Number of protein chains: 2
Amino acid sequence: MIQNLSEHQREQLQEALAHGGQKVTPQREIVYSVLLAKRDHPTVDEVFNRARESMPGLSLATVYNCLETFVGCGLVRQVNHERESTRYCPNLAPHAHFRDESTGRVHDIELPEHVLSTLRSILPNGFETDSIEISFHGHTKNSRNHNSN
Amino acid sequence: MIQNLSEHQREQLQEALAHGGQKVTPQREIVYSVLLAKRDHPTVDEVFNRARESMPGLSLATVYNCLETFVGCGLVRQVNHERESTRYCPNLAPHAHFRDESTGRVHDIELPEHVLSTLRSILPNGFETDSIEISFHGHTKNSRNHNSN
DNA sequence: GATAGATTTTGAATCATTCTAAACACCAAC
DNA sequence: GTTGGTGTTTAGAATGATTCAAAATCTATC
């Protein structure tokens with residue numbers, strides 16, 4: 001069920017890993033191929049199960065390691081970036097969040113209606129939205145006590 | 001340190017809870033007041049600790065219950081909505097995600113550059129972004145096998 | 001003041017993730 | 001071909017946020 005990587009894909013993998021002095025390993029090949037084979041945003045556990053079909057001895061920790069490596073070298077993106085504790089806020093107006101990576105603080109960013117409609121406009125037909133979540137990640141310069149709602 | 005609720009705030013609380021046949025309790029008042037007192041997107045644990053200053057016997061589970069109740073009746077928003085397993089995708093082009101609540105599936109939504117710049121334009125001065133995450137939540141109509149990248 | 005329903009409490013259970021230490025693989029130098 | 005080093009994998013324990021279950025407590029109503 002799991003395809004091997006194509007020439008091109010293996011090269012991509014090899015090149016991306018090379019930057020951090022990291023190597024292509026059978027485990028990494030399998031995990032990467034799983035990701036490419038079915039692009040349904042699998043969880044770690046799903047990746048693990050699919051990968052084990054071709055490599056029964058593979059361990060869960062390795063899958064975590066591989067994925068972390070891939071994210072680190074820019075091969076793969078994490079969909080639910082926010083794996084820290086859930087946070088709560090009482091600001092009910094439509095707003096985005098800006099997370100300052102240096103301080104860990106979260107700021108509210110007002111969301112004008114025109115931005116929301118721009119966003120809604122990029123959805124294909126048939127997609128109906130209940131809510132949109134937007135979070136910026138970055139840092140603030142000369143931040144003179146912005147409100148941190 | 002923790003303020004009591006104002007007349008108006010207590011009414012809001014009372015009204016929001018009333019819809020689900022739920023009542024205002026001392027614990028809920030405290031938790032709500034904690035949220036209003038310092039709008040810094042606290043974690044459950046932070047809420048717990050602040051609330052215990054005014055109500056030492058309060059339990060963590062109650063804080064979880066209160067927050068869940070508040071979210072349920074629309075009083076409060078969860079910042080890190082996505083508390084399920086982290087998901088991964090190999091699509092490196094800038095794209096948003098659309099989570100279909102009925103199927104649980106995640107679709108990629110292409111993000112044109114003009115949308116990105118619109119988004120960046122709403123940031124106040126001094127905010128510098130490394131990355132923007134956008135996720136839509138909703139459902140799809142007559143979804144004829146959209147690509148689910 | 002008894003009963004029913006919602007709420008809170010405590011502590012145990014769960015689940016994703018991270019950590020740790022030992023085993024392994026590969027390669028270069030000897 | 002053995003030795004040493006580095007990076008990788010493995011298994012299992014540990015952590016940490018969250019949820020669950022059951023008993024205790026409240027509140028309103030009869």
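A note on names: the letters A, B, ... follow the listed sequences, proteins ahead of strands, and every chain is numbered from 1. All of these numbers come straight from a predicted model, not from anything done at the bench.
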Tell me every residue that passes side-chain contact (heavy atoms from CB on, under 4.5 Å) with Q12(B), counting only those two or more places apart in sequence or in another chain.
H8(B), Y32(B)

Would you confirm whether E68(B), through its side chain, and N65(B), through its main-chain N or O, come within 3.5 Å as a donor-acceptor pair?
no

Quick one: pull up CG in L111(A) and CD1 in I122(B) and give me the separation to the nearest 0.5 Å.
4.5 Å

Output for pair (I134(A) CD1, L119(A) CG), nearest 0.5 Å, gives 4.5 Å

When you measure from every atom of DNA chain C, which of residues 12-26 of chain B have a heavy atom less than 4.0 Å away?
Q22(B), K23(B), T25(B)

If you apply the rule side-chain contact (heavy atoms from CB on, under 4.5 Å), what do you find for E128(B) with K141(A), and how did you get there?
CA-CA 7 Å; E128(B) 311 208 333; K141(A) 272 201 171 157; 3.7 Å; yes

Can you list every salt bridge (charged side-chain N to carboxylate O under 4.0 Å, His left out) pair that touches residues 111-127 of chain B, not counting sequence neighbours?
E113(B)-R120(B)

Quick test of your reading: applying salt bridge (charged side-chain N to carboxylate O under 4.0 Å, His left out), list the pairs with at least one residue in residues 7-28 of chain B, sequence neighbours left out, ordered by first then second residue.
R10(B)-E29(B)

Cationic tip of R52(B) above F48(B) ring, under 6.0 Å, 45° of axis:
yes

Could you work out which one of [options] sits closest to the side chain of [X]?
X: L58(A); options: dT8(C), dT17(C), dT10(D); answer: dT10(D)
X: R28(A); options: dT7(C), dT17(C), dT9(D); answer: dT9(D)
X: S59(B); options: dT9(C), dT9(D), dT7(C); answer: dT9(C)
X: C66(A); options: dT18(D), dT9(D), dT17(C); answer: dT9(D)

5'-most contact on DNA chain C (nearest-nucleotide basis), N65(B) vs L60(A), goes to N65(B)

Separation of [N] [atom2] from [X] [atom1] (nearest whole Å):
X: E68(B); N: dA17(D); atom1: CD; atom2: P; result: 18 Å
X: Y64(B); N: dT10(C); atom1: OH; atom2: P; result: 16 Å
X: L67(A); N: dA16(C); atom1: CG; atom2: P; result: 15 Å
X: R52(B); N: dT10(C); atom1: CZ; atom2: P; result: 10 Å
X: D45(A); N: dT14(C); atom1: CG; atom2: C1'; result: 13 Å
X: M55(B); N: dT25(D); atom1: CE; atom2: C1'; result: 13 Å

Phosphate OP1/OP2 of dT9(D) contacted by T62(A) side-chain N/O (<4.0 Å):
no

Check the phosphate of dT10(D) against Q27(A), side-chain N and O only, distance under 4.0 Å to OP1 or OP2. Yes or no?
yes

To the nearest 10°, let me know how far the axis at one end of the helix from dG1(C)-dC30(D) to dC30(C)-dG1(D) is tilted from the axis at the other, five pairs an end.
0°

Applying side chain to side chain donor-acceptor pair (under 3.5 Å) to S59(A) and not counting sequence neighbours gives T62(A)

